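Whatever order the structure lists ligands and atoms in, that order sets their numbers, starting from 1. The structure presented is a predicted model; accordingly, all values stated were derived computationally and were not measured. Heads up: numbering here begins at 1 and tracks the sequence.
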Amino acid sequence: MKIAVYPGSFDPITNGHLDIIERAADVFDQVIVAVSVNSAKKPLFSMEERVELLREVLRPYPNVRVDSFTGLTVDYVVSQKARVIIRGLRAISDFENELQMAVTNRKLKPSVETFFMMARAEYSFISSSLIKEIANYGGCIKGFVPEVVEIKIKEKLAQLKG
Ligand code: ADP
């Protein structure tokens with residue numbers, strides 16, 4: 001069974017992430033979407049909220065599982081009996097970081113391969129941060145994120161603004 005892990009912050013899941021997941025689920029027997037703790041980022045949604053949102057959005061995909069992890073991605077991948085890490089590439093600007101991570105992960109665990117998937121053109125400008133910024137200033141994020149995410153972002157921002 002070919003299992004791939006798609007790690008990320010998913011704060012929150014966007015249609016760009018969803019597109020990568022759908023396409024990966026078509027190729028691999030199982031895809032594990034794994035929420036990781038990125039210490040460099042201050043998340044809007046808690047780990048539990050991000051997992052819950054992902055589970056709701058990904059319910060229609062029988063071979064996609066949602067999980068969370070702390071620690072090294074390669075260790076998590078091995079613990080799941082997977083060999084592949086999937087990452088999405090949007091623009092040249094993603095490349096440097098992704099190359100550094102892929103090379104480092106290869107050094108740490110040579111049996112684990114990183115597969116890159118190019119973002120679909122219409123989603124290539126979408127990032128979770130951009131979505132949050134648009135929503136924060138009252139802009140419309142319809143079409144950029146699944147509907148349930150749109151609702152949850154509005155709720156969360158309203159909550160934060162008291
Ligand atoms: P991380 O903090 O690990 O970068 P993200 O949730 O921002 O977590 O992204 C997870 C993965 O999804 C990364 O490989 C990122 O490049 C990719 N990604 C993010 N947005 C898109 C998009 N719109 N289209 C395709 N891939 C994307």
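Contact of the Pro12 side chain with the His17 side chain is not registered, since no non-hydrogen atoms from C-beta on lie closer than 4.5 Å. Annotation: side chain of Val33 is not in contact with side chain of Asp67 (no heavy-atom distance under 4.5 Å). By the 4.5 Å heavy-atom criterion applied to side chains, Arg106 and Glu113 are counted as neighbours.
Heavy-atom contacts of Gly16 reach the following atoms of ligand 1: 22 (C), 23 (N), 24 (N), 25 (C) (cutoff under 4.0 Å). Less than 4.0 angstrom separates some heavy atom of His17 from each of these atoms of ligand 1: 5 (P), 6 (O), 9 (O), 10 (C), 12 (O), 18 (N), 19 (C), 20 (N). For ligand 1, the atoms lying closer than 4.0 Å to a non-hydrogen atom of Phe10 are 6 (O). Each of the atoms 3 (O), 8 (O), 10 (C) of ligand 1 lies under 4.0 Å from some heavy atom of Gly8.
Considering backbone and side-chain N/O of Ile126, one or more are found under 3.5 Å from N/O of ligand 1. For ligand 1, the polar-atom distance check finds no N/O of Ser128 at less than 3.5 Å from any of the ligand's N/O atoms. Residue Ala119 places no N or O, backbone or side chain, under 3.5 Å from any N or O of ligand 1. At under 3.5 Å, not a single nitrogen or oxygen of Ser36, backbone or side chain, sits near a nitrogen or oxygen of ligand 1. Between Asp11 and ligand 1, no pair of N/O atoms sits closer than 3.5 Å. Ligand 1 has an N or O atom lying under 3.5 Å from an N or O atom of Tyr123, backbone or side chain. Checking only distances, Gly88 does come within under 3.5 Å of ligand 1, N or O to N or O.
A pairwise comparison of heavy atoms in Leu18 and Pro146 identifies CD2-CG, 4.4 Å as the closest pair. Minimum interatomic distance between Thr14 and Ser127 (heavy atoms only, all atoms of both residues): CG2-C, 4.2 Å.
Around CD1 of Ile92, the count of heavy atoms belonging to other residues, nucleotides or ligands within 6.0 Å does not exceed 12.
With respect to Glu49 and Lys156, a salt bridge is recorded, a charged nitrogen being found less than 4.0 Å from a carboxylate O. In summary, Asp94 and Arg87 do not engage in a salt bridge, as defined by a charged side-chain N under 4.0 Å from a carboxylate O.
Nearest non-hydrogen protein atom to atom 3 (O) of ligand 1 is Arg87 NH1, 3.1 Å. When hydrogens are left out, the protein atom nearest atom 7 (O) of ligand 1 is Lys41 NZ, 3.6 Å; that is the closest non-hydrogen contact. Here the protein heavy atom with the shortest distance to atom 2 (O) of ligand 1 is Ser9 OG, 2.6 Å.
Contacts between Arg90 and ligand 1 below 4.0 angstrom, taking non-hydrogen atoms only, involve the side chain exclusively.
Aromatic ring centres of Phe116 and Phe95 lie farther apart than the 6.0 Å criterion allows.
Under a 4.0 angstrom heavy-atom cut-off, Glu98 registers as being in contact with ligand 1. Assignment of Tyr6 to the shell around ligand 1 is supported, since a heavy atom sits closer than 4.0 Å.
Between Tyr76 and Phe69, the ring planes lie parallel to each other; the angle is under 30°, not in the 30° to 60° tilted range.
Partner of Asp11 under the salt bridge (charged side-chain N to carboxylate O under 4.0 Å, His left out) criterion, chosen from Lys132, Lys42, Lys152: Lys132.
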